[in-house]
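Working notes for the structure below.
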Amino acid sequence: MDNTPSIFPTVEVTCRTVIETGTTALLLSSLPRGALAAGTDQVEPSLMSIELRVNDHLHHLTLDPRTTLLDALREHLALAGSKKGCDHGQCGACTVLVEGRRINSCLTLAAMHDGQSITTIEGLAFGQDLHPMQAAFVEHDGFQCGYCTSGQICSAVGMLAESRKGMPSYLTADLTQPVAELGDDEIRERMSGNICRCAAYPNIVAAIKQAMGEQT
Amino acid sequence: MKAFSYERARSVADAASATTNPGVKIIAGGTNLLDLMKLQVETPSALVDINRLPLDKIEETSDGGLRIGALVRNSDLAADPRVRQQYGVLSRALLAGASAQLRNKATTAGNLLQRTRCYYFYDVTKPCNKRVPGSGCSALAGFNRIHAILGESEACIATHPSDMAVAMRALDAKVETIDREGKARTTPIADFHRLPGRTNRRSPPARSSRLSHCLRRLQALRCTGRSAIGHPMLLRCCRWPPSSTAFTVESARRGSPSAVSLRSRGASPPPNTVSRIQLSVPIRSTQPRTRFSRARVDMAPMISRFR
């Protein structure tokens, strides 16, 4: 170990550098062996080019195929409105609209959406005018820390589009009938993919009800 | 995530033949595969994206059934008017699962092929016979609330997590697949998944699922310890033909691993009203392994009463 060249750059020792190098050491030590060694079955990380239409702007990106859509938005396009809450599709903070449908951007690869149209929280407003859902969230105080909020709003916009298309939910009483107007229970069920640790749920539901009323 | 090469399949045959290489994985919705790849439970060296293949239609068959393309999204399948009218149990089972965001991405075939949610399968630092045959089963003496009480073995007590598969089992669905040589095959869904004790198969890419009967008045009841997103402890899908007095109760997926269900036949004819059906099924003969599985065994008779 002492004979191997140091993998850490030579830095002056300050509080910040200790923390930074410590973090690096932790990250490097937790990488699976294969990523550091040159195994015969290892694929060399390579880059690929894709095109994403995000909020009506066309972007050409060159990235590692492993890049999730969430990371492409946040790290490559500086659209940090979508949040990484769990990175495993369980919290909904990463919810964006792809071709108008809400999905968890953490559980999809950017490469899979080459050529597709994506709307993030940054793309909901019309210039300086808030989207009705955004305005409703502000009016009804539908957030506290705000971390889940981008995902909540995008998900709610997607949810209203789904209900207007007549898509049922687990609570739909009679599947053979058209979907009736959504009550509180239905809103909660359809929004169950977005969780909020601050428990702003009552106000979130109120905001969605208002936005729902405005759009019908 | 381990590095991989990414390409898009040009045709169904192209995708099927790509799987000749064991390091290649097909990706459709990706909501399970990417979840596992982030944890290095799955480590493909190449991904073949099939999302642009023409497999996303629901068609009526000549014998009155439905042919569901492998790439039909779970939300679209649940919302299809024909499914809602004629196969309500399938719609209900789909709507019971995951979240709207996940249902918008997950596909029919992917739903059948998804892996278990056993905590120890997910933890690469723990022994797991499914990931590493022969290494042992950590769930046997661990937290096994969501694990199998029927059809399991000492080697593995994992369950198949799909609610949709249970409904398909109740509907006697058939799965059409294409293997890597391009040969098409139809498998009854009861035989599509395997019980533990056999090698963990990698099935060929599914081209479509096919429902062979038209059934009415279908119901699904899902009992879970948590609301909304949660793993159902017991899922029962029942059907009865409206014209006959006898009926068959399919007691589906009371925690059967990789296999979807074990049918238990035999129940008393329904009373005059169809609003209450009570039956006794031999669940209590199962030896619960721990206090977690005992809770499920105790719950089973309760769930057999439903409206």
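Order of the sequence lines sets the chain letters (A, B, ...), proteins ahead of strands, with each chain counted from 1.
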- Note on the structure: Separation between CG (Leu182(A)) and CE (Met159(A)), nearest 0.5 Å, reads 6.0 Å
- Message: Testing the 3.5 Å rule here: is there a donor-acceptor pair between the side chains of Asp35(B) and His88(A)?
- Response: yes
- Message: Taking every non-hydrogen pair under 4.5 Å, which of Val179(A), Thr172(A), Leu171(A), Ile103(A) racks up the most with chain B?
- Response: Ile103(A)
- Item | Toward chain B, the part of Thr176(A) with a non-hydrogen atom under 4.5 Å | both
- Is it the backbone or the side chain of Leu94(B) that comes under 4.5 Å from a heavy atom of chain A, or both, or neither? neither
- Item | Heavy-atom proximity to chain B below 4.5 Å, by part of Arg66(A) | both
- Item | N-O pairing of Glu42(B) and Lys25(B) below 4.0 Å | yes
- Under 6.0 Å from the CZ atom of Arg197(A), do we count more than 12 heavy atoms belonging to anything else shown? no
- Region of Ala106(B) in contact with chain A, defined by heavy-atom distances below 4.5 Å: neither
- State plainly whether the residues Lys84(A) and Asp71(A) are in salt-bridge range, i.e. N to O under 4.0 Å. yes
- Could you verify whether a donor N or O on one side chain and an acceptor N or O on the other, from Lys105(B) and Thr108(A), lie under 3.5 Å apart? yes
- Item | Glu99(A), part contacting chain B, at a heavy-atom distance under 4.5 Å | neither
- Query: So which of Asp80(B), Thr31(B), Leu33(B) has the largest heavy-atom pair count under 4.5 angstrom toward chain A?
  - Reply: Thr31(B)
- Side chain from CB out, backbone as N, CA, C, O: work out which of these in Asn104(B) comes under 4.5 Å of a heavy atom of chain A, or both, or neither. both
- Message: Counting heavy-atom pairs closer than 4.5 Å to chain A, which one of Met1(B), Arg103(B), Lys38(B) comes out on top?
- Response: Lys38(B)
- Item | Value rounded to 0.5 Å, distance of NE2 in His57(A) from CD in Glu122(A) | 11.0 Å
- Note, Tyr201(A) side chain near Cys196(A) side chain (heavy atom, < 4.5 Å): yes
- chain B interface, residue from Gly89(A), Pro65(A), Gly166(A) that has the most non-hydrogen pairs under 4.5 Å: Pro65(A)
- Do you know which of Ser5(B), Ala78(B), Ser75(B) has the most heavy-atom pairs under 4.5 Å to chain A? Ser75(B)
- Does atom CZ of Arg10(B) have more than 12 heavy-atom neighbours, drawn from other residues, nucleotides or ligands, at distances under 6.0 Å? no
- What residue in Asn32(B), Asp76(B), Asn51(B) has the most heavy-atom pairs under 4.5 Å with chain A? Asp76(B)
- For chain B, find which of Asp64(A), Asp114(A), Val98(A), Thr68(A) contributes the most heavy-atom pairs closer than 4.5 angstrom. Asp114(A)
- Applying a strict 4.5 Å limit to non-hydrogen atoms, the region of Met48(A) in contact with chain B is side chain
